[in-house]
Amino acid sequence: MVGLNVRHATSVMAEIAAPSGGHVALHEPQFSGAEWEYVKECLDSGWVSSVGSFVDRFEGDLAAAFGVERAVVVVNGTAALHIALLLAGVRRGDEVLTPALTFVATANAIAHCGGIPHFVDSSWDTLGLDPQALSDWLDRIAEPHADGPRNRVTGRRLAAIVPMHTFGHPVDMPSLLEVATRWGLPVVEDAAESLGSLQNGRPLGGLGLLGATSFNGNKIITTGGGGAVLTNDDALANRAKHLTTTAKAPHRWAFSHDETAFNYRMPNINAALGCAQLEKLPAFIHAKRALARRYSEALASLSGLRFFAEPDGAESNYWLNAVILDDPDQRDDFLSTTNDAGIMTRPCWKLMCDLPMYRDCPQMELPVARAIESRLVNIPSSPKLGVANKG
Ligand SMILES: *Cc1c(COP(=O)(O)O)cnc(C)c1O
């Protein structure tokens, strides 16, 4: 095996990400549209908080962007996942099937419902949950029951499947939905990283019963902080709105609340930012796909490393670009050399099953997730890099 020449790889990346030198971040937000105008409108009118026209407009614009009937905006992506899981029927003591390789929020949201994450292996083709591995695993450990399948090892109910579209690359949803249907399990998509990504021409986020997304500062569009619950089911969307707005019964003056609920509302000032950002989404995706193409071409000739390309049938948003090293022992050298050169790179997340609070959760063998964890590195991906530095 010819090893990776780390210095050479760093200079190839520098030519694309930082042609004029300086420090380049992993992912920076870009405000180049109506952000100032819309936020100023909130300040001028006084409608900065939990009610306002930008909230309604952002929900409508988001539903269109995600190809769903309804979007309900909330304070962050974790809250969106929490509500989506509650609405999918996850209750205290239930197990929820989810990849070990994800951001901690996916597992946290399951735990916020009183659920127990049950970790599934990932696929080399998508970096997301592997439907075949899940299917084989369920055949071994699950048995049908009146209220849904049970884990026959733990005796607990299996309540849902939560796939996550890693760095914007789609999970094989047709295969996953088939497994889910066979076992009668609802699917809640964690689409926090995949706004604008398509699979067979269809946007991610609305392919299961519910979806959740995030508008944190590092995501493809940002509202400062924010998230949304996505669904094609009107009744579920109405429930999501009710549960996230303190379950207040509509009335001109009376404070009447009909269940214990949440204050997960997205403020109007954040929604204003979101409306402006969403107008720029096509340009962001265009720039990010152009950047991915340039990395892919420039890195193709290097040995010891490959650029991760979108799976078949996908049109990814390439939210975060990633390279896979052949040799995990070169990863830390690659990380320190690139960061020393001002090119921000980061390793993959630590697997959820290795974090102290999720160490005892049920899990299958995770050979692919472990290999991805040890060999994947994210590289600079801001949209401005795809347009500014043409060379
Ligand atoms: C960002 C992210 C979230 C959560 O979003 P917040 O808005 O930060 O709460 C959830 N899942 C994944 C995979 C994410 O990347």
Side-chain angles (χ1 to χ4, degrees), residues 26-29 58 62 66 71-86 88 90 96-113 115 117 119-120 122-123 126-129 160-171 173 187-197 204-205 207-208 210-230 240 244 262-267 270-271 273-274 277-278 288 316-322 346-353 355 358 369 372-373 376 378 381:
L26 205 58
H27 199 284
E28 274 179 80
F58 192 36
L62 277 172
F66 277 103
V72 174
V73 292
V74 294
V75 282
N76 58 50
T78 311
L81 271 170
H82 182 192
I83 294 299
L85 289 164
L86 286 177
V90 176
V96 177
L97 298 148
T98 196
L101 187 92
T102 183
F103 178 60
V104 70
T106 321
N108 284 345
I110 293 166
H112 294 332
C113 300
F119 297 117
V120 179
S122 303
S123 150
T126 67
L127 305 178
L129 188 149
I161 307 174
V162 183
M164 192 280 284
H165 306 297
T166 310
F167 311 136
H169 300 295
V171 167
M173 289 300 289
V187 171
V188 175
E189 281 176 275
D190 182 343
E193 308 187 349
S194 54
L195 169 56
S197 294
L204 305 176
L207 303 177
L210 292 138
T213 197
S214 164
F215 311 112
N216 190 37
N218 62 340
K219 298 301 200 289
I220 190 162
I221 70 163
T222 185
T223 59
V229 179
L230 312 163
T244 54
F262 304 89
N263 175 12
Y264 276 176
R265 281 179 286 231
M266 175 186 284
N270 299 78
L273 204 50
Q277 285 270 286
L278 200 51
K288 289 166 82 64
S316 299
N317 66 6
Y318 281 97
W319 169 59
L320 272 194
N321 290 297
R346 287 291 180 265
C348 201
W349 309 286
K350 206 169 170 176
L351 298 190
M352 293 303 106
C353 54
L355 301 179
Y358 300 124
I372 295 171
E373 178 196 26
L376 183 142
N378 287 118
S381 303

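Just so it is clear, the values below take in all heavy atoms, side chains as well, and ignore hydrogens, waters and symmetry mates. Just so you know, ligand 1 is whichever comes first in the structure, and atom 1 is the first atom listed for that ligand.
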A.B. asks: Return the minimal non-hydrogen interatomic distance between Q277 and I221, and the atom names on each side.
C.D. replies: OE1-CA, 3.5 Å

A.B. asks: Within a distance under 4.0 Å of any heavy atom of M164, pick out the atoms of ligand 1 and give their elements.
C.D. replies: 13 (C)

A.B. asks: Would E193 count as being in polar contact with ligand 1, using the rule that some N or O on each side must be under 3.5 angstrom apart?
C.D. replies: yes

A.B. asks: Is the distance between the ring centroids of F103 and F167 under 6.0 Å?
C.D. replies: no

A.B. asks: For ligand 1, which is the ligand I care about here, please tell me if T78 has any N or O atom under 3.5 Å from one of the ligand's N or O atoms.
C.D. replies: yes

A.B. asks: Less than 4.5 Å apart, side chain to side chain, heavy atoms only: is that true for Y358 and C353?
C.D. replies: no

A.B. asks: Which bit of D190 is near ligand 1, meaning a heavy atom under 4.0 Å away: side chain, backbone, both or neither?
C.D. replies: side chain

A.B. asks: May I ask you to list the atoms of ligand 1 that are less than 4.0 angstrom from any heavy atom of A105?
C.D. replies: 3 (C), 4 (C), 10 (C)

A.B. asks: Counting non-hydrogen protein atoms only, what is the nearest one to atom 6 (P) of ligand 1? Give residue, atom name and distance.
C.D. replies: G77 N, 3.4 Å

A.B. asks: Among L81, V187, V229, I83, find the residue that satisfies the side chain to side chain contact (heavy atoms under 4.5 Å, CB included) test when tested with L210.
C.D. replies: V229

A.B. asks: Show the nearest heavy-atom pair for residues L207 and M173, with the distance to one decimal.
C.D. replies: CD1-CG, 3.7 Å

A.B. asks: Nearest heavy atom to atom 8 (O) of ligand 1: which of L320, T223, N216 does it belong to?
C.D. replies: N216

A.B. asks: Among all the protein's non-hydrogen atoms, which is closest to atom 2 (C) of ligand 1, and how far away is it?
C.D. replies: K219 NZ, 3.0 Å

A.B. asks: Can you sort out which atoms of ligand 1 are near N76, meaning under 4.0 Å from one of its heavy atoms?
C.D. replies: 7 (O), 9 (O)

A.B. asks: Mind checking the CZ-CG spacing from F215 to L195? Nearest 0.5 Å is all I need.
C.D. replies: 6.5 Å

A.B. asks: So if I count the atoms of ligand 1 from 1 in the order they appear, which ones are less than 4.0 Å from some heavy atom of S214?
C.D. replies: 1 (C), 5 (O), 6 (P), 7 (O)

A.B. asks: Determine, using heavy atoms of G226 and all atoms of ligand 1, whether some pair is separated by less than 4.0 Å.
C.D. replies: yes

A.B. asks: Testing the 3.5 Å rule here: is there a donor-acceptor pair between the side chains of H82 and Y264?
C.D. replies: yes

A.B. asks: Side chains of H169 and T126: is there a donor and an acceptor less than 3.5 Å apart?
C.D. replies: no

